[in-house]
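For reference, the structure is listed below as structure tokens.
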Amino acid sequence: MPELAEVEFFRKRWSAGIGGCVDRVHVHGTKRIFRGEAVERLPAVLTDAVLVDSERKAKQMLFRLSTATLGIHLGMTGELLVAGADFVPGKHDHLVIYQRERALIFRDPRLFGRVRFTLGTDDPAWWKVLPEELTARSFTKARLREVLQRRGKAPLKAVLLMQEFFPGIGNWMADEILWRGGFLPDRRSGTLTELEIARLYREIREVVKISLKTIGNSTGETFGDPPRGWLFHERWTAKGCCPKHGVTLNTATVGGRTTRWCGICQPIGKLM
DNA sequence: TCTCGTGTTTCTTG
DNA sequence: TCAAGAAACACGAG
């Protein structure tokens, strides 16, 4: 479930390879994962390069090597893994970077993810133009108000999923934010009062911050869960209940995505 | 066998 | 021309 915090977890997983030299590279070159890239050049470019560092912006990752940069987006089902140097790639292991002591693996069964690479050590142009993080100072209440008004007729849920405004927010995080704030997902974005905008702003910051802390910083085999009492733990099955009221969650498609909410916590809908 | 889905891009509609 | 919604992408899980 790669939303911003899970992406952070996967990025750190590959940190095991920082400082290491690339022995060889395996690619499934014909796959859509590499769309638009001259993938046939990738093994030659990366072999003998050193993995220098990595960074995440929203759901995007950039791995900097001594000869090139590697941009990775996990799509819906992508993941990064680390295995021993004798790792044998499976059907869905589209990129494997072998170092002396380990293999860094990018796996994605549904091929919605993307790998891009750029020669040289400068950060690529697409990376430089990504919007600033929601944890940055530039994300202010005034900025939120402006976005909500600009997309005034769209449901709140749909607007929260727009990456140009809310980089890193995905389906479960949007549901979590709306549930905590008491907003019905199909509420028109332009109808929020000043007090409600303040509440939404606070919940966006909180959910991002706590998710990064609990999921993004996990060090185990799999990423950890967000705190008990979050909607997260209930929203995956039809039997899921509101953590506060115990009532079965409602389900509908809002903004093109499966959305779950509590009829008691989140009472006020469209209003337009 | 059928339906669903954690993301993004492109197409269609209004 | 713009905003919003739908469809498409590809595959495994239930």
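Keep in mind that what you see is a predicted model, and the values were worked out from it rather than measured. Proteins get letters first, then strands, A, B, ... in listed order; numbering begins at 1 in each.
Atom pair A:Trp126:CH2 and B:dT8:C1' shows a separation of 14 Å (rounding to whole Å applied). What separates CZ of A:Arg35 from P of B:dT9 is a distance of 8 Å, to the nearest Å. Atoms CZ (A:Phe166) and P (B:dT8) sit 15 Å apart, rounded to a whole Å. Atom CD of A:Glu3 is separated from atom C1' of B:dG5 by 12 Å (rounded to the nearest Å). If you measure from atom CG of A:Leu161 to atom C1' of C:dA6, you get 15 Å, rounded to the nearest angstrom. One interatomic measurement links the two molecules: CD1 of A:Ile33 to C1' of C:dC11, which rounds to 12 Å at whole-angstrom precision. The distance from atom CH2 of A:Trp236 to atom C1' of C:dG14 is 16 Å, rounded to the nearest whole Å. Counting to the nearest Å, the P atom of C:dA10 and the NE2 atom of A:His28 are 15 Å from each other.
Nearest to the side chain of A:Lys91, among B:dT8, C:dA10, C:dG12, sits C:dG12. Closest to the A:Lys59 side chain, of the nucleotides C:dA10, B:dG7, C:dA4, is B:dG7. For A:Leu111, whose side chain is taken as the heavy atoms from C-beta onward, the closest listed nucleotide among B:dG5, B:dG7, C:dA10 is C:dA10. Here C:dG5 is the nucleotide among C:dC11, B:dG7, C:dG5 with the atom lying nearest to any side-chain atom of A:Pro155. In the set B:dT8, B:dG7, C:dA4, C:dA4 carries the atom at the smallest distance from any side-chain atom of A:Arg151.
Listed by chain and residue number, nothing satisfies the salt bridge (charged side-chain N to carboxylate O under 4.0 Å, His left out) test with A:Asp23 (two or more places apart in sequence, or in another chain).
Pairing of C:dC11, defined by two Watson-Crick or G-U wobble distances under 3.5 Å, is identified with B:dG5.
When the P atom is compared between B:dC11 and C:dA10, the two are found 15 Å apart, to the nearest whole Å. For the P atoms, the distance linking B:dT9 with C:dT1 amounts to 22 Å, nearest Å.
B:dT8 has no stacking from A:Phe112 on its base ring, since the centres under 5.5 angstrom apart and planes within 30 degrees of parallel are not both found.
Taking 3.5 Å as the limit, the base of B:dG5 and the side chain of A:Arg110 contain a donor-acceptor pair of atoms between them.
Across all strands shown, A:Gly75 has heavy atoms under 4.0 Å from sugar-phosphate atoms exclusively, and none from any base.
For A:Glu176 (side chain) and A:Val207 (main-chain N/O), no donor-acceptor pair under 3.5 Å exists by modelled atom type.
Phosphate contact (OP1/OP2 of B:dG7, side-chain N/O of A:Gln163, threshold under 4.0 Å): absent. At least one side-chain nitrogen or oxygen of A:His92 sits closer than 4.0 Å to the OP1 or OP2 atom of C:dG12.
Few gaps surround NZ on A:Lys244; more than 12 heavy atoms of other groups in view lie less than 6.0 Å from it. No more than 12 heavy atoms of other residues, nucleotides or ligands sit less than 6.0 Å from atom NZ of A:Lys239.
Annotation: cation-pi pair A:Arg56/A:Phe10 absent, no NZ/CZ under 6.0 Å from the ring centroid and within 45° of its normal.
Screening residues 40-76 of chain A for ring pair (Phe, Tyr, Trp, His ring centres under 6.0 Å), with sequence neighbours left out, gives A:Trp14-A:Phe63.
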